[in-house]
Amino acid sequence: MSESTNNAAPEREAQDGRYNPAEIEPKWQARWDADPALYAAEPPASGKPKFYCLEMLPYPSGQLHMGHVRNYAIGDALARFMWMRGHNVLHPMGWDAFGLPAENAALKNHTPPREWTLGNIADMRKQMRRMGLSYDWATEVTTCLPEYYRWNQWIFLKMVEAGLAYRKSSKVNWCPACATVLANEQVVGGCCWRHEDILVEQRELEQWFLRITKYADELLDGLDAMPGWPDKVRTMQRNWIGRSEGTHVDFRVAATANTPAITVFTTRVDTIFGATSIQLAPEHALVKDWVKTDAELARAVDEMIAQQKAAREAGDIGNIEKHGVSTGKQAVNPFNGEMLPIWVANYILADYGTGAIMSVPAHDERDFEFAQKYGLPVKRVIAPSLDGEEQALPYTGEAEAVLIESGEWSGEPCLEAQEKMGRFAEEGGIGKRTTTYRLKDWGVSRQRYWGTPIPMVYCAQHGIQPVPEAQLPVLLPEAVEITQQGGSPLGNVPEFVNTTCPVCGGAARRETDTMDTFVDSSWYFYRYTDAKNAAAPFDPEKAKYWFPIDQYIGGVEHAILHLIYSRFWTKVMRDIGLIENSEPAARLFTQGMVIKDGAKMSKSKGNVVSPDDMIARYGADATRMYALFAAPPDRDLEWQEDGVAGVSRFLARVWTLVDEHKKALRQEYTPSEPTAAALAAGRDLTRTLHQTIGKITQELEGRWHFNTCVAALMKLVNECYAARDVLAGARDGEVAAWSQTLHMLPLLLAPFAPFLAQELWTELGQEGSLVRHPWPMADAELARETEAEIPVQVNGKLVVVVKVAADADEDTLKQAASADERVAARLAGRTVVKTIVVKGKLVNLVVK
RNA sequence: GCCCGAGUGGUGAAAUCGGCAGACACAGCGGACUUAAAAUCCGUAGCCCUUCAGUGGGUGUGGGGGUUCAAGUCCCCCCUCGGGCACCA
């Protein structure tokens, strides 16, 4: 930085007396690293209240980014605060270490995925330590190691046993770039979640599925009892599960004997008298049957399927023009015996409901559009009221509407009719009340190498067999050639594929697909409680002590994927008796993104700010503290380097204050009686100190606006500077408030800037780690203002601010207000009609 | 289309219960220190108008309306941006 060598010497000299994080931080980091007990959780016998503070584990890409820094700065502040509050804190970290990037890296630079991944983990662990994050590394979890993934396999087998894992052939999402299948949750806008510009294709494949739909109701209903989760996340999950209550109704196909009835799904069985056609999805089983004898129909149906596929791949399924083709067949409405034509239509989805609907043009917008196009009848059967004025069609009202022209149900309110007609259908054997979900079972097979092998075996004689528990783990072989075509790379490893059947001992083949990496992250936080257990995924007693997680912190991008899988996994583990809790986390916090120049940081935009670079220039404390100061944690944060410099400047001001004080303490002198001015300044400073303690405590306890915590600290330090001449400079006026305040600063700083806090604490001659030092208590009496500045308004407009005693009563306030000459001037010639006095807040005179 | 969230100075933001809008910072401007610069310290600052000046006045939280003595905050309508879901019957 210096321009000439001449300047080098004085610069270095100057630094001796200055805040220097490059010296302070590595020094403390080395001591903390050497003390594994520092951040270790204690056994339950400690008697302290437990606190499980968890940040989402990262994928070990090799580099921390600013999003991580923000996430961990939040979690670390909370963990440190809870320690100081006397809690037994579990604050672990681990690695979501399986996944495709390792395979891509292997292809690119011929490093085996394992080596690449473990190298990255070592680098990132080092970065985390450099940041001063308070993790208990003894509980570290790495998901790509057999000691972890064997328990994925173990739980998978339990699921097979319980019928929760099953194999079926179905249409699946296929990403050509990943060369593997994706779960529904991993398809974003028709594209792959890892390749935002690659369209996902549909393929028919045999896959392993986990029966998450079994828990659909519980996953949905549980959301109502989770006040500690953001509404946004709960709403997203509700939408994703997409429960809809309705009725299945069977429509007999007319003039046939063996054709099965068409079961339609409807949420509006009350509109059934208005049905004027039946619409089938092009893939409907009956259609498949009919096209065999009807070439014309076959051609039309093929076209529709092709079109749907194209639209789905373009992410545009909602906008294709509706059209359909009549099958020439008819069905009977079981409620009134009417004959309805059966059509095949491109807007009917095969994989929702039953793939068949009754079309009610008068009361459904899509059906209306379709009926208009093909001239199908529109029959009104719902009206806002019985004496009903005509409503424009389609009319979709429900809550206050009634049935008309619906036989015996005419006059019934819609909601009651739905109930009664559903029951009627059940009693008559023509239907059933039912519930459908948007949520589908979770496809977990991946045709990739770098993942957990699915522990199943295929025997020609005995079919699909689970690997016996005693043979776990099914180890992922090393030295496998990574290819991204033609199925899983494991298929090319004979030593892996060829095995014996657990039943007959004859030749058999292993499953070569691996598990979705979201399996790994669905339960890792349980493993933290007992990370070294070689005999079980974890000791249920330990999990019982620590769960639920008291605070989970991470990005909102996981609102559906990880957070719904984790909830599912928790319920499964509960049902197989491993744990007792039904939800993993009592509180969830989703932090905002870190952006730069208005956009998310990305290599392609060239706006990436490297944490290493920030730490090298300003130190870890300043970098972390800026991440907390620049915006409240739930909002997006615009990274401005000048702001980091500003925080660094603040830390330097704190350092200087304490440094001066430390030096002053060493000098010998005899203090005389403090002056009145010094005593007053001391009282003022003490008041601000206790207000600051109160403010920061309150924020850390719940609201989490850390930016205002930092602001409050800055204010306190500014006040120290303002009082410095009187309180520190004046030798004859040593006042206890000064020393007390300076001793409190490191404590208040500890959650946000742990290195500097510990340094200052030690420099002040104090012993031990701040992590275990009690958090200071705010004294309400000392924090109380003695004087208040009361704004005086006339007709709501500010005229003057008067100073009164803080506890002044209404009359005193009134008097003080009207005694002011500028107020009097405003009142001249007018009448005060009303006087509003809010004690301690304001006076407002309403005049005419 | 439906459901969330946001919109406040040049910038990041604060205002937690309806009670002084802009705390705290960044960038700016002015000053002190210095031969000079950096660093540091102190001061200043929403915008517009007014005064030689001290000052005085107006206006202001995306826009429009409303409730209230009083609205960034509550109610209604609208606009813009971000996110989620989307032919889900």
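It should be emphasised that the depicted structure is a prediction, and the values quoted were computed from it without experimental measurement. In the text below, chain A, chain B and the rest are named by the order of the sequence lines, each starting its count at 1.
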*Asks:* Need one value for A:E365: base, sugar-phosphate or nothing, where a base atom within 4.0 Å counts as base even if backbone is also close, heavy atoms only.
*Replies:*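 Contact class for A:E365: none.
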*Asks:* What is the distance, to the nearest angstrom, from the CD1 atom on A:I595 to the C1' atom on B:C81?
*Replies:*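 Rounding to the nearest Å, CD1 of A:I595 and C1' of B:C81 are 12 Å apart.
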*Asks:* Determine which bases of RNA chain B form Watson-Crick or G-U wobble pairs with both distances under 3.5 Å, and write the result as a 5' to 3' dot-bracket string with | for other-strand partners.
*Replies:* (((((((..(((......[....))).(((((.......))))).((((......))))..(((((..]....))))))))))))....
*Asks:* Looking at B:A15, I'd like to know if its phosphate oxygens (OP1 or OP2) sit under 4.0 Å from a side-chain N or O belonging to A:R703.
*Replies:*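 The answer is yes; a side-chain N or O of A:R703 sits under 4.0 Å from OP1 or OP2.
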*Asks:* Within the 3.5 Å criterion, strictly below it, is a donor on A:Y347 or A:Q279 matched to an acceptor on the partner's side chain?
*Replies:*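 No donor-acceptor contact under 3.5 Å links the two side chains.
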*Asks:* With P as the reference atom in both, quote the distance from B:C2 to B:A89 in angstrom, rounded to an integer.
*Replies:*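 Result for the P pair: 15 Å, nearest Å.
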*Asks:* With a 4.0 Å limit, can you tell me whether A:K232 has a side-chain N or O closer than that to the phosphate oxygens OP1/OP2 of B:C4?
*Replies:*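 False: A:K232 side-chain N/O out of range (4.0 Å or more) of B:C4 OP1/OP2.
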*Asks:* Look at A:E719 together with A:K715 and state whether they make a salt bridge at an N to O cut-off of under 4.0 Å.
*Replies:*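 Judged by the 4.0 Å cut-off on N to carboxylate O distance, A:E719 and A:K715 do not form a salt bridge.
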*Asks:* In whole Å, measure the gap between the P atoms of B:A13 and B:G31 for me.
*Replies:*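 Result for the P pair: 32 Å, nearest Å.
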*Asks:* Measure the distance from NE2 on A:H558 to C1' on B:G83 and round it to the nearest whole Å.
*Replies:*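 Checked: the NE2 to C1' distance equals 16 Å.
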*Asks:* Is A:E245 paired with A:R433 through a side-chain N to carboxylate O contact shorter than 4.0 Å?
*Replies:*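 Salt bridge: no.
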*Asks:* Where the side chain of A:T235 is concerned, which of B:A15, B:C3, B:C87 is the nearest nucleotide?
*Replies:*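 In terms of side-chain proximity for A:T235, the closest of B:A15, B:C3, B:C87 is B:C3.
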*Asks:* Would you mind building the protein contact string for nucleotides 19-31 of chain B? One character per nucleotide, 5' to 3', B for base within reach (heavy atoms under 4.0 Å), S for sugar-phosphate only, - for untouched.
*Replies:* BB--BBSSS----
*Asks:* Please state the P separation for the pair B:G5 and B:C17 - nearest whole angstrom.
*Replies:*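 16 Å, rounded to whole Å.
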*Asks:* Taking atom P of B:A89 as reference, at what distance in whole Å does atom CZ of A:R268 sit?
*Replies:*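 My rounded result for the distance is 11 Å.
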*Asks:* Which nucleotide sits closest to the side chain of A:T266: B:A89, B:C87, B:G12?
*Replies:*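 Given the options B:A89, B:C87, B:G12, the side chain of A:T266 is closest to B:A89.
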*Asks:* For B:G7, does the glycosidic angle fall within 90° of 0 (syn) or outside that (anti)?
*Replies:*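 In terms of base orientation relative to the sugar, B:G7 is anti.
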*Asks:* Determine the minimum heavy-atom distance between A:E699 and A:T708, stating which atoms define it.
*Replies:*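 The pair with the smallest heavy-atom distance is OE2-OG1, 3.4 Å.
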*Asks:* Check the distance between B:G82's P and A:D636's CG and give it to me in whole angstrom.
*Replies:*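 Checked: the CG to P distance equals 12 Å.
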*Asks:* What is the separation between atom CG on A:D725 and atom P on B:C41, rounded to the nearest whole Å?
*Replies:*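 Answer to the nearest Å: 13 Å.
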*Asks:* Determine the contact category for A:Q279: base if any of its heavy atoms lies under 4.0 Å from a base atom, sugar-phosphate if only primed atoms, P, OP1 or OP2 are that close, otherwise nothing.
*Replies:*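 Touches nothing.
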*Asks:* Between A:E369 and A:Q698, who's closer to the 5' end of RNA chain B by nearest nucleotide?
*Replies:*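 It is A:Q698, whose closest nucleotide lies nearer the 5' terminus.
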*Asks:* Out of B:C4, B:G56, B:U16, which nucleotide sits closest to the side chain of A:R822?
*Replies:*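 Out of B:C4, B:G56, B:U16, the nucleotide with an atom closest to A:R822's side chain is B:G56.
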*Asks:* Would you mind reading off the distance between A:H705 atom NE2 and B:A14 atom C1', rounded to a whole angstrom?
*Replies:*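 Those two atoms, NE2 and C1', are 10 Å apart.
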*Asks:* Side chain of A:F265 only, please: which of B:A13, B:C88, B:A89 is the nearest?
*Replies:*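 Of the candidates, B:A89 comes closest.
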*Asks:* Work out how far the C1' atom of B:U67 is from that of B:G9, and round it to whole angstrom.
*Replies:*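 Going atom to atom, C1' in each nucleotide, I get 29 Å.
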*Asks:* Give A:K695 one of three labels, base, sugar-phosphate or nothing, depending on what nucleic acid heavy atoms sit under 4.0 Å from its own.
*Replies:*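 The answer is base, as A:K695 lies within the cut-off (heavy atoms under 4.0 Å) of a base atom.
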*Asks:* Look at all strands and tell whether A:L713 reaches a base, only sugar-phosphate, or nothing, counting heavy atoms closer than 4.0 Å.
*Replies:*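 The residue A:L713 makes no contact with any strand.
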*Asks:* Can a salt bridge be assigned to the pair A:D224 and A:R238 using a cut-off of 4.0 Å between side-chain N and carboxylate O?
*Replies:*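 The answer is yes: the pair qualifies as a salt bridge.
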*Asks:* Identify whether the glycosidic angle of B:C17 places it syn (within 90° of 0) or anti.
*Replies:*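 Nucleotide B:C17 adopts syn.
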*Asks:* Provide the distance between the two P atoms, one in B:U80 and one in B:G63, to the nearest whole Å.
*Replies:*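 Their P atoms lie roughly 15 Å apart.
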*Asks:* Using only atom types and a distance under 3.5 Å, with no angle test, would you say the side chain of A:R70 pairs donor to acceptor with the backbone of A:Q591?
*Replies:*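 Looks like no, no N/O pair under 3.5 Å.
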*Asks:* If you measure from the C1' atom in B:G19 to the same atom in B:C33, how many Å do you get, rounded?
*Replies:*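 Taking atom C1' in both B:G19 and B:C33, they lie 45 Å apart.
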*Asks:* Could you measure the distance from the NE2 atom of A:H661 to the CZ atom of A:R724? Nearest 0.5 Å is fine.
*Replies:*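 Going from the NE2 atom of A:H661 to the CZ atom of A:R724 covers 13.0 Å.
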*Asks:* Just to verify, which of A:L745, A:L716, A:L713, A:D659 counts as forming a side chain to side chain contact (heavy atoms under 4.5 Å, CB included) with A:V654?
*Replies:*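 Of A:L745, A:L716, A:L713, A:D659, side chain to side chain contact (heavy atoms under 4.5 Å, CB included) with A:V654 is met by A:L745 alone.
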*Asks:* Any chance the side chains of A:Y437 and A:D217 put a donor and an acceptor closer than 3.5 Å?
*Replies:*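 The criterion, which ignores hydrogens and geometry beyond distance, is satisfied for A:D217 and A:Y437.
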*Asks:* Whole Å only: how far is the OH atom of A:Y352 from the P atom of B:C85?
*Replies:*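 In whole Å, B:C85 P and A:Y352 OH are 16 Å from each other.
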*Asks:* Answer with yes or no whether the side chains of A:D809 and A:T812 bring together a donor and an acceptor at under 3.5 Å.
*Replies:*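 Short answer, yes.
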*Asks:* What are the two closest heavy atoms between A:P282 and A:M304, and how far apart are they?
*Replies:*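 It is CG-CB, 4.0 Å.
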*Asks:* In whole angstroms, how far is the C1' atom of B:G1 from the NZ atom of A:K322?
*Replies:*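 Going from NZ in A:K322 over to C1' in B:G1 covers 11 Å.
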*Asks:* Please examine the side chains of A:L628 and A:I74, heavy atoms only from C-beta on, and report whether any two atoms are closer than 4.5 Å.
*Replies:*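 The answer is yes, as the side chains (C-beta and beyond) meet within the 4.5 Å cut-off.
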*Asks:* When the C1' atoms of B:A14 and B:A25 are considered, how many whole Å apart are they?
*Replies:*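 So the two C1' atoms sit 11 Å from each other.
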*Asks:* In whole Å, measure the gap between the C1' atoms of B:G82 and B:A70 for me.
*Replies:*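 These two C1' atoms come out 33 Å apart once rounded.
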